[in-house]
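To find a chain, count down the sequence lines: A is the first, B the second, and so on, and within it residues start at 1.
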There are 2 protein chains.
Amino acid sequence: MQIGELSRLSGASVRSLRYYEQQGLLGSERRSNGYRDFPDNAVATVQTIRSLLDLGLPTALVKDVLPCTVGERSESACPQLLERIAELRDDVRTKADRLATISDSLSEYLRTNG
Amino acid sequence: MQIGELSRLSGASVRSLRYYEQQGLLGSERRSNGYRDFPDNAVATVQTIRSLLDLGLPTALVKDVLPCTVGERSESACPQLLERIAELRDDVRTKADRLATISDSLSEYLRTNG
DNA sequence: CTTGACCCTGACACTGATGTCACACTTTAA
DNA sequence: TTAAAGTGTGACATCAGTGTCAGGGTCAAG
């Protein structure tokens with residue numbers, strides 16, 4: 001399919017799709033006229049990309065994680081990959097906890113001083 | 001104290017301190033020679049700023065939260081503030097959960113395909 | 001008086017994902 | 001045939017926080 005259709009189906013902007021392709025997250029053929037031609041499963045791929053980016057994974061990490069989500073044998077060193085994800089998870093978890101503390105203090109502050 | 005000393009005591013770069021001041025997070029007097037003069041409690045303030053920024057709060061939000069941490073009566077609408085913090089907390093919590101899921105899947109993937 | 005350590009302001013670079021604009025080409029519909 | 005819609009590339013803008021450099025005061029010790 002063409003990039004416009006993929007954009008509509010995936011919810012990603014055309015600009016973003018071109019960016020994902022440029023960063024190697026998304027493969028595409030080229031037609032004789034130069035237009036990109038994406039396979040049908042690109043819709044699912046793009047949605048995965050977007051959800052991973054939304055979680056705060058950088059593009060490079062998404063690139064490594066992506067093949068694992070498709071079940072493809074990944075050449076990239078996957079144990080380190082797992083480690084980076086786990087680190088990220090722990091970081092985010094810690095932040096959530098600390099934010100909860102702040103939220104509680106703030107709530108308490110408002111109750112007494114607001 | 002001068003900015004250099006505050007930098008050493010707080011761990012923030014001189015550049016960052018000037019930025020915090022410019023953004024209204026950090027108050028300072030000026031000496032006759034133009035040098036900034038920070039009060040002693042600025043060290044604690046800066047550390048609070050840094051921890052909040054580290055949590056992902058934008059400068060503007062830190063600016064609103066800050067007075068509450070000092071116990072000062074804040075003029076800014078605090079209930080909305082609490083709401084924003086709570087939202088942020090929930091977002092981060094959700095992300096942590098989803099990252100945990102990814103981490104688990106990835107770990108499983110590695111166990112069977114690695 | 002000079003040197004070196006501070007400090008000041010202003011400005012530009014960087015990161016990462018995305019928006020947006022310009023300009024050119026292709027395809028499709030009227 | 002012509003206009004509109006779609007696509008291509010390239011380049012610049014944005015956000016936020018920080019690094020860094022230039023050019024110029026200030027101050028204390030030698």
Side-chain angles (χ1 to χ4, degrees), chain A residues 1-39 42-43 45-66 84-85 88 91-92 95 99, chain B residues 1-39 42-43 45-66 84-85 88 91-92 95 99:
Chain A
M1 76 185 69
Q2 292 190 172
I3 199 168
E5 190 181 356
L6 179 55
S7 171
R8 279 187 296 276
L9 295 180
S10 66
S13 70
V14 169
R15 174 68 174 86
S16 293
L17 294 177
R18 290 202 258 250
Y19 177 72
Y20 300 156
E21 189 214 37
Q22 186 196 345
Q23 299 300 309
L25 307 190
L26 197 55
S28 76
E29 306 284 304
R30 291 298 179 122
R31 295 191 185 153
S32 53
N33 56 10
Y35 286 16
R36 290 172 181 80
D37 193 3
F38 296 94
V43 178
T45 303
V46 170
Q47 284 164 347
T48 304
I49 291 173
R50 292 181 73 71
S51 72
L52 291 177
L53 287 181
D54 181 58
L55 287 181
L57 274 72
T59 313
L61 193 46
V62 172
K63 184 178 175 181
D64 290 341
V65 173
L66 217 44
R84 279 195 287 173
I85 298 285
L88 196 53
D91 280 359
V92 173
K95 285 186 182 178
L99 276 171
Chain B
M1 76 185 70
Q2 292 191 170
I3 199 168
E5 189 180 358
L6 179 55
S7 172
R8 279 188 295 276
L9 294 181
S10 67
S13 71
V14 169
R15 176 69 174 86
S16 293
L17 293 178
R18 290 202 258 250
Y19 178 73
Y20 300 156
E21 190 215 36
Q22 188 197 344
Q23 299 299 310
L25 306 189
L26 196 55
S28 76
E29 306 284 304
R30 290 300 178 118
R31 296 189 185 155
S32 52
N33 56 10
Y35 288 17
R36 290 171 181 81
D37 193 3
F38 297 94
V43 178
T45 303
V46 170
Q47 283 165 348
T48 303
I49 291 173
R50 292 181 72 72
S51 72
L52 291 178
L53 287 181
D54 181 57
L55 287 180
L57 275 72
T59 313
L61 193 47
V62 172
K63 184 178 175 180
D64 290 341
V65 173
L66 216 45
R84 278 196 285 172
I85 297 285
L88 196 52
D91 280 359
V92 173
K95 285 185 183 178
L99 276 171

Pair B:T48-B:T45, side-chain donor/acceptor within less than 3.5 Å: no
Donor on one side chain, acceptor on other, A:R15 and A:Y20, under 3.5 Å: no
Closest approach of B:L53 to B:P58 (non-hydrogen atoms, all atoms of both residues): CD2-C, 4.4 Å
Rounded distance (Å) that lies between atom [atom2] of [N] and atom [atom1] of [X]:
X	N	atom1	atom2	result
A:L17	C:dG19	CG	P	10 Å
B:R18	C:dC7	CZ	P	8 Å
A:L55	C:dA17	CG	C1'	15 Å
A:L53	C:dG16	CG	C1'	10 Å
A:M1	D:dT7	CE	P	12 Å
A:F38	D:dG6	CZ	C1'	14 Å
A:I49	C:dG16	CD1	C1'	15 Å
B:Q23	D:dA16	CD	P	8 Å

side-chain contact (heavy atoms from CB on, under 4.5 Å) between A:K95 and B:K95, worked out: CA-CA 10 Å; A:K95 285 186 182 178; B:K95 285 185 183 178; over 6 Å; no
From CA spacing to verdict: side-chain contact (heavy atoms from CB on, under 4.5 Å), A:L9, A:E5: CA-CA 6 Å; A:L9 295 180; A:E5 190 181 356; 4.1 Å; yes
Residues touching DNA chain C, which here means a heavy atom under 4.0 Å, drawn from residues 26-37 of chain A: A:N33, A:Y35
At under 4.0 Å, does any side-chain N or O of [X] touch on OP1 or OP2 of [N]?
X	N	answer
A:Y19	C:dA17	yes
A:T59	C:dG16	no
B:Q2	C:dC7	yes
A:Y20	C:dA17	no
A:S13	C:dT18	no

Under-3.5 Å donor-acceptor pair between B:R15 side chain and D:dT20 base: yes
Earlier contact from the 5' end, DNA chain C, for A:R50 and B:E21: B:E21
Side chains of A:D37 and A:R30 in contact at under 4.5 Å (non-hydrogen atoms): no
Nearest-0.5 Å distance that lies between atom CG in B:L25 and atom CD1 in B:I49: 4.5 Å
